[in-house]
Number of protein chains: 2
Amino acid sequence: MVRKPTSKESARKPNMREAILAAAEELFATNGFNAVSVRDIAQAAGANPGSVTYHFKTKDGLLLEIYRRHCGPMNLRRSELLAAARRVRDLQDRLEAVVRAYVVPAFTSGSDLAGGGARFTRLRAVMSAEGNEVARKIIAQTFDDTSHAFIDAIHESLPHIPRTDIVWRSHFLLGALYYSLVTPERVSRLSRGEADGGDAANAIEQLVQATVAAFQAPALDQAAPARRRPVVSSKT
Amino acid sequence: MVRKPTSKESARKPNMREAILAAAEELFATNGFNAVSVRDIAQAAGANPGSVTYHFKTKDGLLLEIYRRHCGPMNLRRSELLAAARRVRDLQDRLEAVVRAYVVPAFTSGSDLAGGGARFTRLRAVMSAEGNEVARKIIAQTFDDTSHAFIDAIHESLPHIPRTDIVWRSHFLLGALYYSLVTPERVSRLSRGEADGGDAANAIEQLVQATVAAFQAPALDQAAPARRRPVVSSKT
DNA sequence: ATGTGATTTGTACTATCGTACAAAAGATCA
DNA sequence: TGATCTTTTGTACGATAGTACAAATCACAT
């Protein structure tokens with residue numbers, strides 16, 4: 001209803017709608033949903049507050065549209081990479097390829113979408129931490145299929161590990177992934193400048209390397225069969 | 001100035017101040033800082049909005065006091081456990097003990113503080129995601145020493161791994177830890193009910209097991225010396 | 001050029017926010 | 001009991017939130 005596909009893009013500014021989406025994405029991803037006002041977004045996009053209402057009706061609607069824009073392409077990319085990874089013969093190589101297929105699209109731009117997947121992934125991390133309702137619904141119904149596909153693929157490479165353990169470890173992977181995008185400066189700080197937390201390529205390599213090893217850890221039940229648990233119990 | 005240490009605790013309700021702190025902690029940890037109003041907190045604590053201002057002056061002051069309450073004890077507990085872990089002879093056992101010393105206090109109650117460290121850790125996760133300023137300052141100056149101590153201890157157990165890699169992997173550990181507390185229900189969902197994401201003891205075991213393996217992964221530089229990187233490059 | 005529909009602007013409304021402050025209530029001890 | 005200090009209550013104020021809506025402005029087909 002909103003858009004008339006004429007030869008040229010209409011509107012005074014070249015696609016104000018996109019500018020608003022980009023500004024909102026950036027602000028939400030760095031400050032959370034509730035800390036950012038519609039007026040903040042409008043100002044960052046060089047738009048009028050009323051424009052936001054016009055294009056997206058409500059603030060929730062704006063967030064919803066951001067998700068709609070990214071979920072499809074990112075899942076598509078992941079599916080392609082996962083399919084390719086599944087064809088890798090060597091089991092060890094395949095595991096790494098599968099992990100990489102999960103991680104790479106989250107860090108890098110989803111081909112056509114401006115600004116890249118990193119910003120969107122960070123947004124998802126923040127919304128998940130805030131317990132945002134709109135995000136929760138979309139996420140569960142959009143990403144769970146993909147998550148299951150990855151879990152299955154990993155399970156194929158590690159048939160001796162119980163599925164439960166795979167789920168836990170892939171959960172840890174997502175947490176690590178999120179956190180790397182949320183506070184990259186912490187890596188720079190703790191490494192005393194020797195590492196750049198914001199360097200996506202490096203973060204990916206580190207994450208893939210660590211995660212592959214984590215997946216390959218022995219299963220919990222059969223872990224360290226004849227060794228005592230050291231030092232502390234886990235309940236207070 | 002505020003408190004007079006008489007024989008009995010004063011105030012109509014048995015320690016309204018504590019009730020407000022507990023309510024704020026819970027609400028902040030589940031909804032974020034900006035989504036929770038002072039009135040919400042007061043209502044949850046069975047108090048009057050004015051009481052919050054009286055005890056903590058501002059909303060930021062309330063958050064600050066929550067941090068003050070927990071940072072000391074949790075760091076103390078971690079130091080104790082870390083010291084004990086350092087005394088473990090076997091190098092593999094020591095690594096596990098060190099990781100456990102880092103993880104356990106974050107999941108379980110800090111001995112004397114009601115409600116436990118899990119709630120506070122979740123709060124930290126959420127504040128970090130929201131980029132909260134008050135939290136950022138406190139965190140950097142309170143936890144970085146502890147983080148360095150742990151990184152050093154882990155490096156001792158794995159002298160052949162570059163410090164940079166250890167930093168990255170401990171960053172992943174913290175991310176995984178945070179995420180486990182932020183969305184435990186995702187684990188239950190993805191495991192189709194076979195695992196309980198909210199079971200702290202189980203989460204700890206899974207996290208420790210996976211993390212120890214991640215730390216033990218070969219260093220990045222020397223990783224897979226004669227093998228091609230499979231399938232995808234890391235930049236778009 | 002002019003009318004028409006899409007977009008942008010400006011502004012206003014109501015609700016709620018954090019905070020301040022005076023009055024009430026409770027506790028403590030001479 | 002009455003004086004004094006601490007705590008709680010009730011209320012109010014200015015700022016800002018999300019959203020609605022009419023007027024102004026634009027792009028474009030005729």
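First the proteins, then the strands, lettered A, B, ... as listed; each starts at 1.
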Does a side-chain N or O of B:Asn48 approach OP1 or OP2 of D:dT8 to a distance below 4.0 Å, or not?
no

Can you tell me which nucleotide in C:dT7, D:dT19, D:dT9 comes closest to the side chain of A:Tyr54?
C:dT7

Within 45 degrees of the axis of the six-membered ring of A:Tyr67 and under 6.0 Å from its centre: does A:Lys137 put its NZ or CZ there?
no

Respond yes when some side-chain nitrogen or oxygen of B:His55 is under 4.0 Å from OP1 or OP2 of D:dT6, and no when none is.
no

Whether A:Glu65 and A:Arg17 form a salt bridge (side-chain N of Lys/Arg under 4.0 Å from carboxylate O of Asp/Glu) is what I want to check.
yes

Do other residues, nucleotides or ligands put more than 12 heavy atoms under 6.0 Å from the CD atom of B:Gln43?
no

Does a salt bridge link B:Arg122 with B:Glu26, judged by any charged N lying under 4.0 Å from a carboxylate O?
no

B:Phe56 CZ to C:dA20 C1', straight-line distance once rounded to whole Å:
18 Å

Please report, rounded to the nearest Å, how far the C1' atom of D:dA27 is from the CG atom of A:Asn15.
14 Å

All side chain to side chain donor-acceptor pair (under 3.5 Å) counterparts of A:Arg136, not counting sequence neighbours
A:Glu133

Return the value, rounded to whole Å, for the distance between atom CG of B:Leu62 and atom P of C:dT19.
10 Å

One thing to verify: whether A:Arg186 and B:Asp144 come together as a salt bridge, which I'm taking to mean a side-chain N less than 4.0 angstrom from a carboxylate O.
no

B:Phe143 six-ring face occupied by B:Arg124 cation (under 6.0 Å, within 45°):
yes

How many Å lie between CE on B:Met16 and C1' on D:dT9, as a whole number?
10 Å

Measure centre to centre between the rings of A:Tyr179 and B:Tyr178, then say whether the value is under 6.0 Å.
yes

Take atom CZ of A:Phe28 and atom C1' of D:dG18, then tell me their distance rounded to the nearest Å.
12 Å

Quick one: which protein N/O atoms are closer than 3.5 Å to N/O atoms of nucleotides 15-17 of chain C? Pair and distance per line, please.
{"residue": "C:dC17", "atom": "OP1", "partner": "B:Ser37", "partner atom": "OG", "Å": "3.4"}

A:Ser188 side chain to A:Gly197 main-chain N or O, any donor-acceptor pair under 3.5 Å?
yes

If you fit an axis to the five pairs at each end of the helix from C:dA1-D:dT30 to C:dA30-D:dT1, how big is the angle between those two axes, to 10 degrees?
0°

Where the side chain of B:Thr53 is concerned, which of C:dT9, D:dT8, C:dA20 is the nearest nucleotide?
C:dA20

Of the listed nucleotides (C:dT19, D:dT7, C:dA20), which one gets closest to any side-chain atom of B:Thr58?
C:dT19

